[in-house]
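Structure, as C-alpha cells:
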Number of protein chains: 4
Amino acid sequence: MSESKLLDVLIAQAKLSKKQTEKQQKIVEAAIHIFAEKGYANTSTSEIAKVAGVAEGTIFRHYGTKDNLLLSIILPFFKETFPMMAEEVFTEIASNVDSFEEFLKAFLKNRIHFFLENKQIAKVVVKELIYNEELKKDLLPYLSENFLVRVNKAVEFFKERGEFIDIPTDRIGRMLLTFIGGFLVSRLVLLHDYTVTDEDIDDAVSLVINGIGRREDGTE
Amino acid sequence: MSESKLLDVLIAQAKLSKKQTEKQQKIVEAAIHIFAEKGYANTSTSEIAKVAGVAEGTIFRHYGTKDNLLLSIILPFFKETFPMMAEEVFTEIASNVDSFEEFLKAFLKNRIHFFLENKQIAKVVVKELIYNEELKKDLLPYLSENFLVRVNKAVEFFKERGEFIDIPTDRIGRMLLTFIGGFLVSRLVLLHDYTVTDEDIDDAVSLVINGIGRREDGTE
Amino acid sequence: MSESKLLDVLIAQAKLSKKQTEKQQKIVEAAIHIFAEKGYANTSTSEIAKVAGVAEGTIFRHYGTKDNLLLSIILPFFKETFPMMAEEVFTEIASNVDSFEEFLKAFLKNRIHFFLENKQIAKVVVKELIYNEELKKDLLPYLSENFLVRVNKAVEFFKERGEFIDIPTDRIGRMLLTFIGGFLVSRLVLLHDYTVTDEDIDDAVSLVINGIGRREDGTE
Amino acid sequence: MSESKLLDVLIAQAKLSKKQTEKQQKIVEAAIHIFAEKGYANTSTSEIAKVAGVAEGTIFRHYGTKDNLLLSIILPFFKETFPMMAEEVFTEIASNVDSFEEFLKAFLKNRIHFFLENKQIAKVVVKELIYNEELKKDLLPYLSENFLVRVNKAVEFFKERGEFIDIPTDRIGRMLLTFIGGFLVSRLVLLHDYTVTDEDIDDAVSLVINGIGRREDGTE
DNA sequence: TATGAATGAGCTTTCATTCAT
DNA sequence: GATGAATGAAAGCTCATTCAT
C-alpha cells in the first residue's frame, strides 16, 4: 500500500466488478469474516483461501495483491456509505422533519441500519481506518469532508429556525462527528455482537440535543 | 498472545521492573515510537533493535517475546490510568466541586493531561486495544468496570442533588464512556498531532451537560 | 527441458508446422520479441499471451509447454542456418571464388544477412544456447560438427592451392569458429541495434587473413 | 535488480566485506557453482541453501536479496579484473616488451590465468553479463571503456614504432575486443572444462597479428 | 549482560499448466 | 479451436526466536 492512487483503484474496481465469479464471492466473504475478527495484518492469504475453499493462487489471480483484496472490500462499502448523504437527499430529509432532533434521528437510523446490515464489513473498515496509516490518509479527508459539509448545511438550515444555542456551526458539526464516531467505534470494534434499536438512537440523540443536565426551568 | 494470563504477567512485571537497564529504556522508548507510528503487527523486532541501538538478542533477553514487550509498555500505562480514579480520590473530587459539570471538567482535564504527557504510549494502547482481540478481551472489562463503577458513583452522588434529568444512571455512564472514548480515539488515532486545551474541555463538557439545543425558556 | 529428445521434437514439429494459425503466428512473434529482450527464463507465458492478444490457454493448446514453444522458435531457425552449408553448396562456392579470403567473405555475407533478417530470433538462439545447459548439450555438437566439417573441407581445398601458412587445418577451423562466434555474440547479445555492412565483413575477413601486423615486405 | 546503483552497492560491499562468516563463504561458494552451471535465473535460493548446508534465511540475513548475492559474487571479480590494467602497469608492460605481439601475449597470459584460477566465477560473470540486461547496461560500458582506452593507448604506442598496417586504432581495439571476447565466451560458456596453455595463447596471438594467410613474400 | 549469527516456519506472490465451457 | 478461471507447487523474502560466544 505504498503509493496510493485510490481514484485509479476505484476506477479499476468499477471496470472489473462487472462479473464476479462464484469463487470471488467466496474469497471476499471469507476475507471479510477473518479480517473483521483478526484484523488485516494478522490474516494470511492461505487462511483466507482455506476458509473460502479455493486455491491460494485464485486469490491473486483476481485481486493481484492482498492489499488490493482489502481495498475491494473497503472501497465499495465506503462509497455506499455516502450516497444517501448526497445533498439533495439531505435537504429532502431536512425539509420533511420538524426539528434538527428529528432530522438527526432519521439520518442516524438510516445509516446505522446500513452499518448493521453490513456489520462485518463495517468492522473491517473501521478497524483498518484506525490502524492503517496509508488508508487513513486517503479516506479520512474524503469522509470528514463529505460528512461535515452536509451536516453543517443541515445545522445552518435549522439554525435559521432558531433551534440551536449560539455556538459556531462547525463546532456543532465536529462534536457530532466525535460523538457518532465514538458511538460507531465503541459498538463496532470495542464491544461484541451489538445491536442498536431505534429507541436507542432516539435516546442518544435526545441526550445530545438536550444534554444530560436538568433544565433550570424544570422542563426536560 | 495466545494464552493470556495477564495477572501472571503483571506480577512478573512488577518483580522485574525494579531496575531498568539503560538498554531497556532505549528499547521501550524505541518500541513505543515505532508501535505508535506503524502499529505493533507491522513493526519488526529488528527495527526496534536498530532504532534502540541494541542487538536484537538484547530485546529477547529482557522481554522474552515481542508480545511481552508490548505488554510491558501497555500495562504500566494502563495501571497509571486509574489510580486517580481510586474511589476515595473520586469521592474527594466530587466533594470539592459544586456540580457534576465541574466534576467532569476536573476529572477530564486531569486524565487528558496525563494522556497528552504520554501521547505516544496512549496511541499504542488505544490502537492495540482496538486491533488486538486478545488484549481487548483481557483489558476492556477491567477498564470499563473501573470507569463505570466510579463514574456511576459520581453520577449517583450528584443525582441526589437533583442535577440530572430522569434517566437511568448507567445510561448516563455509558453515554459518557462513548463520548469520552470517541473523543480519545478520534484525537489519538484518527487525527494527527492533536492538542486539547482546557477551554476545549470546558466547552465539550458544557455541551454534553446542556445539550446543543436551545432551551425553551431562552436560557442557555 | 529435462529429457531432451530433439529428434522426436523435430519430427513432431515437421508434422505440426504444416499450417500455422493466425493466433500461432502472433504467439510466436510475441514470444520471440520478449524472449529476445528479457530472456526465456524471465518471460512468463501470461506476458506472451497478453502481448500476442490471445488467451494463455491458447499457447498451451498449440505448444503444450513453454519449453516446447522455445524449441519451435529455435529449431526451425537452427535448421535454416545450415542448408546453404550443405556440402555441395559449400563446394560450389569454393569453386567460384579465387581465394579463401573471397570464399570466407561470400560465406559470411550470406549467413550474416540471414541473421540480420532474423535478428530477434538469432538473439534468442544465441542467448539460450549460452544460458540453457540442456539446449547447449543438444545443439552445440550439431552446430560445431556441421560448421567445422565443412569449413575444414574448404580450408583443405584452399590449402592445396598453398593459400595458408603451415598450421593444422582444424586449428584454422577452430580459430574461425571462435572469431565468428565472438563476432556474433558481441553483436547479437552484447551490443544493441547493430548492423553490419558488407564493407565491415570485407574488412574483418581481411584482418583475419592478413593479420594486423605490418608485413616485413611492406605490403599489406 | 530494478534500480541499479552499482556504486552504492560497491561501497556497501566494501563496508560489509570486512569479515565473512564461515557460513557466508559456504553460501557464496555454493551459489557460484550452481549459478555457473544452471544460470542465475534457474537457481533457487532454497537450492543454494541446501548445497551450502545453511538455512535459507541465512542467505537473506547476509545478502538481503538474491540479486545482491549475485552482485557480491560478480562485482569483486569485476574489480579484480582490471587492476593490472591500470594505466601505469599497461605502460610498463608495453615498455618492457619488444613488440605489440609480445605485449599482447604477456597481457593475455596474465588475465587468462586470472580467469582460469576463478573459472567458475568467470563463468557466472560472462553468462549473466550476456543474459541479464540490467547488469549488462551497468557493467559493459565500464568494461569496454576500461579495456578499449588502455588497449588503444598500447596500440598507439606500438603504432609509432611502425608495427601496424594502416588501420584506425579504434578498429584494431574493437577487433581485439571481439576476438578476446569470443575466445572467452566460447571457452567459458560454450565449451566445458577448458584449459588454455601458454602455447595456445602464443599461437592465437601470432595468428591475430600475422593472419592465417600465407605471405606473398613467402615468409610467415 | 550483551551480542548477532543462525534458524525455519510462514508469508505474499508468481507461474506453468489443466480443464470445463 | 479458443478461452480464462482455477490450480498448487515453488519462488523470494521476513521475522520472532534461540544460543554459542
Side-chain angles (χ1 to χ4, degrees), chain A residues 19-24 26-27 41-49 52-69, chain B residues 21-24 27 40-50 52-70, chain C residues 19 21-24 26-27 41-50 52-69, chain D residues 19-24 26-27 41-49 52-69:
Chain A
K19 357 161 186 176
Q20 232 191 336
T21 324
E22 186 197 354
K23 303 262 175 183
Q24 274 193 71
K26 283 189 177 174
I27 290 168
N42 299 315
T43 302
S44 72
T45 50
S46 89
E47 190 180 355
I48 297 170
V54 302
E56 207 170 347
T58 308
I59 295 176
F60 290 92
R61 153 160 264 274
H62 288 295
Y63 300 96
T65 65
K66 193 188 165 195
D67 268 2
N68 206 37
L69 172 59
Chain B
T21 327
E22 187 195 353
K23 302 258 176 188
Q24 278 192 67
I27 290 168
Y40 173 79
N42 299 316
T43 302
S44 70
T45 50
S46 89
E47 189 181 356
I48 297 170
K50 207 180 293 167
V54 303
E56 211 171 343
T58 309
I59 295 176
F60 289 91
R61 164 153 282 277
H62 286 297
Y63 300 95
T65 66
K66 192 189 167 193
D67 270 359
N68 206 37
L69 171 60
L70 176 65
Chain C
K19 6 168 180 169
T21 327
E22 187 196 353
K23 302 259 176 188
Q24 278 192 69
K26 284 189 176 173
I27 291 169
N42 299 316
T43 302
S44 70
T45 50
S46 89
E47 189 180 356
I48 297 170
K50 206 181 296 166
V54 303
E56 210 171 343
T58 309
I59 294 176
F60 289 90
R61 163 154 282 276
H62 286 297
Y63 300 96
T65 67
K66 192 187 165 194
D67 270 0
N68 205 38
L69 171 60
Chain D
K19 356 161 185 174
Q20 232 191 337
T21 324
E22 186 197 353
K23 302 262 176 183
Q24 275 193 72
K26 284 189 177 174
I27 290 168
N42 299 316
T43 303
S44 73
T45 51
S46 90
E47 189 180 356
I48 296 171
V54 303
E56 206 171 347
T58 308
I59 295 176
F60 291 93
R61 153 160 264 273
H62 287 296
Y63 299 97
T65 65
K66 192 188 165 195
D67 268 2
N68 206 37
L69 171 59

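Just so it is clear: chains get the letters A, B, ... in the order the sequence lines come, proteins before strands, and each one is counted from 1. Only heavy atoms go into these numbers, but all of them, side chains included; no hydrogens, no water, no symmetry mates.
Remark: P of E/dA5 and NZ of D/Lys26 are 17 Å apart, rounded to the nearest angstrom. Going from atom CD1 of A/Ile27 over to atom C1' of F/dT7 covers 12 Å, rounded to whole Å. The separation between B/Lys50 atom NZ and F/dC15 atom P is 10 Å, rounded to whole Å. B/Ile48 has its CD1 atom 17 Å from the P atom of E/dA2, to the nearest Å. If you measure from atom OH of D/Tyr63 to atom P of F/dG12, you get 16 Å, rounded to the nearest angstrom. The distance from atom CD1 of C/Ile59 to atom C1' of E/dC19 is 16 Å, rounded to the nearest whole Å. Atoms CD (C/Glu22) and C1' (F/dT3) sit 16 Å apart, rounded to a whole Å.
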Nucleotide by nucleotide, 5' to 3', does protein get under 4.0 Å of the base (B), only the sugar-phosphate (S), or neither (-) in nucleotides 11-18 of chain E, counting heavy atoms?
SBBBSBBB
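Looking at C/Thr21, its side chain never comes within 3.5 Å of a backbone N or O of C/Gln24 through a donor-acceptor pair.
Scored by the side-chain hydrogen bond (donor to acceptor under 3.5 Å, both in side chains) test, D/Thr65 finds no partners at all (sequence neighbours excluded). The side chain to side chain contact (heavy atoms under 4.5 Å, CB included) test applied to D/Ala55 returns D/Thr58, not counting sequence neighbours. Taking the side chain to side chain contact (heavy atoms under 4.5 Å, CB included) definition, one finds that D/Ala52 meets it with D/Lys26, D/Ile27, D/Ala30, D/Val54, sequence neighbours left out. In this view, A/Thr45 and A/Glu56 satisfy the side-chain hydrogen bond (donor to acceptor under 3.5 Å, both in side chains) rule, not counting sequence neighbours.
Summarising the geometry, atom CG belonging to D/Asn68 is positioned 12.5 Å from atom NE2 belonging to D/His62; distances are rounded to the nearest 0.5 Å. The line from CD1 of B/Ile59 to NZ of B/Lys23 is 11.5 Å long, rounded to the nearest 0.5 Å.
Closest to the side chain of B/His62, from the set E/dA2, E/dT7, F/dA2, is E/dA2.
Helical stems of DNA chain F (runs of at least 3 Watson-Crick or G-U pairs, donor-acceptor distances under 3.5 Å) are listed by first residue: E:2-21 with F:2-21.
Under 4.0 angstrom from either OP1 or OP2 of E/dA5 there lies no side-chain N or O belonging to D/Thr21.
In this structure, C/Lys66 is not positioned above the aromatic face of C/Phe60 in the sense of NZ or CZ being under 6.0 Å from the six-membered ring centre and within 45° of the axis.
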